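This report concerns only the one structure given below.
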Amino acid sequence: MAAPLVSLNNGKKIPVLGLGTWQGSDHPSVVEEAIKDAVDAGYRHFDCAMVYGNEKDIGKALCEKIAEGVVKREDLFITTKLWNNAHKPDMVVKTCKQSLENFGLDYIDLYLMHWPFDYTVDAVSIRPLDEKGNPMPGDVDFIDTWKEMEECFRLGLTKSIGLSNFNSQQIDRILGVAKIKPTMNQIECHPYLNQKKLIEFCSKRQIAITAYSPLGSSHRPWIKPNAPKVVIDEPVIKALSEKYKKSPAQIVLRYLIDIGTIVIPKSSSKERIRENINIFDFKLTPEEISKIDKLDRGERICVMKEYSGHRFYPFNIEY
């Protein structure tokens with residue numbers, strides 16, 4: 001089974017469902033096996049990032065599948081992201097080239113600026129703190145970073161460029177100077193945070209939305225005990241699961257696609273990987289979508305609160 005394709009604003013096509021590859025501390029062999037299982041299950045879209053630390057493992061698995069003749073490079077859609085410690089203009093192109101080297105590929109399909117705010121150059125982790133426990137913010141304007149993202153496109157390093165975790169005001173600021181329009185904004189999106197306003201905002205500007213943490217995953221090392229949990233136990237999700245003879249996770253993924261997003265569920269389980277892509281033989285009704293809409297609580301999992309004082313922190317406005 002393969003996911004349907006949707007067109008980006010530059011005419012490139014992206015599968016509406018992909019595999020998220022943030023694997024935490026999983027062993028490289030686990031990551032490689034998940035990628036191979038996904039290719040075998042019909043996945044052609046893989047969402048990656050340099051900060052995840054597994055581009056080489058992912059590239060190895062994909063190149064093996066290409067060599068086996070299971071899939072062609074042109075059938076794959078590979079996304080990766082510029083991390084926050086490489087926003088300085090002289091670092092963007094060389095960091096993109098490093099990702100290509102890691103993957104063992106000639107080009108990336110979509111290169112995203114992971115966050116609108118940056119860290120100091122020596123901050124390498126996801127949520128870096130210095131020896132005193134203080135955040136390590138940088139001072140680069142994301143407009144200057146974007147200009148070099150455009151250079152990555154001009155050099156043929158990537159077929160498309162885009163954003164991640166940008167709010168509406170930041171997107172409009174990019175659009176005000178962009179010579180190459182962003183094709184994507186990747187954001188946290190699940191029934192507890194359905195992002196309807198930001199989805200509509202981006203849609204009017206022909207910017208696609210990718211939903212990360214689509215199942216409201218709380219499996220992140222910085223999550224506190226009282227953080228929002230997964231939504232699959234909600235009664236409305238369970239009722240639809242019984243109606244359609246689908247798992248609660250499949251209902252949530254179908255919902256996110258039906259409201260206009262591209263979804264990238266993460267899993268290293270062969271069974272779950274196969275299950276997650278098996279959602280294209282049914283569709284929710286407008287009434288059912290409306291019922292799930294009511295679960296929205298504006299609850300965000302990935303808050304990056306330590307950096308809320310940064311001038312480009314994206315979550316200080318509604319959307």
Side-chain angles (χ1 to χ4, degrees), residues 5-18 20 45 47 79 81-82 84 110-118 141-143 145-147 149-150 153 160-214 216 228 231 252-264 284 286 289-290 292-305 307-308 310-319:
L5 303 175
V6 293
S7 294
L8 300 175
N9 60 32
N10 60 359
K12 301 296 181 182
K13 295 185 182 299
I14 179 173
V16 76
L17 183 143
H45 173 190
D47 184 82
T79 298
K81 310 177 191 80
L82 178 80
N84 304 347
L110 175 60
Y111 198 45
L112 303 178
M113 197 189 315
H114 210 144
W115 289 86
F117 60 85
D118 70 319
D141 191 323
F142 60 78
I143 291 296
T145 307
W146 180 256
K147 292 175 182 177
M149 295 285 288
E150 293 182 334
F153 173 83
S160 303
I161 52 176
L163 311 169
S164 180
N165 296 301
F166 275 61
N167 67 35
S168 59
Q169 293 176 5
Q170 292 167 338
I171 292 167
D172 269 349
R173 189 162 175 254
I174 288 281
L175 292 175
V177 301
K179 295 181 179 178
I180 300 169
K181 188 174 182 178
T183 61
M184 182 71 67
N185 188 25
Q186 184 175 130
I187 56 175
E188 179 183 340
C189 186
H190 44 76
Y192 287 159
L193 182 73
N194 67 34
Q195 299 271 25
K196 284 290 192 75
K197 290 183 178 179
L198 189 52
I199 291 171
E200 180 182 7
F201 174 91
C202 288
S203 177
K204 288 180 178 178
R205 290 155 179 78
Q206 294 80 48
I207 297 172
I209 292 288
T210 295
Y212 73 75
S213 294
V231 301
V252 172
L253 295 175
R254 182 71 246 185
Y255 163 76
L256 291 169
I257 289 174
D258 286 343
I259 66 170
T261 77
I262 295 158
V263 292
I264 47 169
L284 299 175
I289 291 171
S290 181
I292 299 177
D293 282 346
K294 291 180 173 62
L295 295 177
D296 182 70
R297 311 195 288 234
E299 290 185 334
R300 193 179 295 279
I301 294 168
C302 193
V303 181
M304 301 289 268
K305 190 175 182 179
Y307 287 83
S308 61
H310 196 290
R311 61 172 174 155
F312 296 133
Y313 182 75
F315 307 141
N316 288 328
I317 64 173
E318 184 183 0
Y319 67 93

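Predicted, not measured: the structure shown is a model, and the values here were computed from it.
For the atom pair CG of L17 and CZ of R254, the computed distance is 10.0 Å after rounding to the nearest 0.5 Å.
Between the side chain of Q195 and the backbone N or O of I187 there is no donor-acceptor pair closer than 3.5 Å. Listed for the D118 side chain is no donor-acceptor partner under 3.5 Å among the backbone atoms of F142. The main-chain N or O of P182 is found under 3.5 Å from a side-chain atom of N9 such that the two form a donor-acceptor pair. Under a 3.5 Å cut-off, the side chain of E188 and the backbone N or O of C302 do form a donor-acceptor pair. Under the 3.5 Å distance criterion, the side-chain polar atoms of N185 are left unmatched by any main-chain donor or acceptor of I207. Side-chain N or O atoms of T183 include one that pairs as donor or acceptor with a backbone N or O of I161 at under 3.5 Å.
Residues K204 and E200 are paired through a salt bridge, judged by an N-O separation under 4.0 Å between the basic side chain and the carboxylate. Taking 4.0 Å as the cut-off between side-chain N and carboxylate O, D296 and K196 do not count as a salt-bridged pair.
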| message | One pair to check against side chain to side chain contact (heavy atoms under 4.5 Å, CB included): R205 and D172. What are the steps and the verdict? | response | CA-CA 9 Å; R205 290 155 179 78; D172 269 349; 2.9 Å; yes
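When the options T261, T210, T79, D47 are evaluated for a side chain to side chain donor-acceptor pair (under 3.5 Å) with Q186, the one that passes is D47. Just one residue in the list K12, K181, M184 forms a side chain to side chain contact (heavy atoms under 4.5 Å, CB included) with S160, and that residue is K12.
A heavy-atom distance below 4.5 Å is found between the side chains of I292 and L295. Using a 4.5 Å heavy-atom cutoff, the side chains of V16 and L5 are not in contact. Residues V263 and I257 are in side-chain contact: their nearest non-hydrogen atoms beyond the backbone lie under 4.5 Å apart. Using a 4.5 Å heavy-atom cutoff, the side chains of N167 and F315 are not in contact. Counting heavy atoms from C-beta outward, V303 and Y313 have side chains that approach closer than 4.5 Å. Side-chain contact check for F117 versus N165: every heavy-atom pair is 4.5 Å or farther apart. Looking only at side-chain heavy atoms (C-beta outward), I14 and V6 come within less than 4.5 Å of each other. Contact annotation: the side chain of R173 approaches that of D141 to within less than 4.5 Å [non-hydrogen atoms, C-beta and beyond].
Using bins of under 30°, 30° to 60° and over 60° for the plane-to-plane angle, the ring pair Y192/H190 lands in the perpendicular bin.
Aromatic pair F153/W146: centroids not less than 6.0 angstrom apart.
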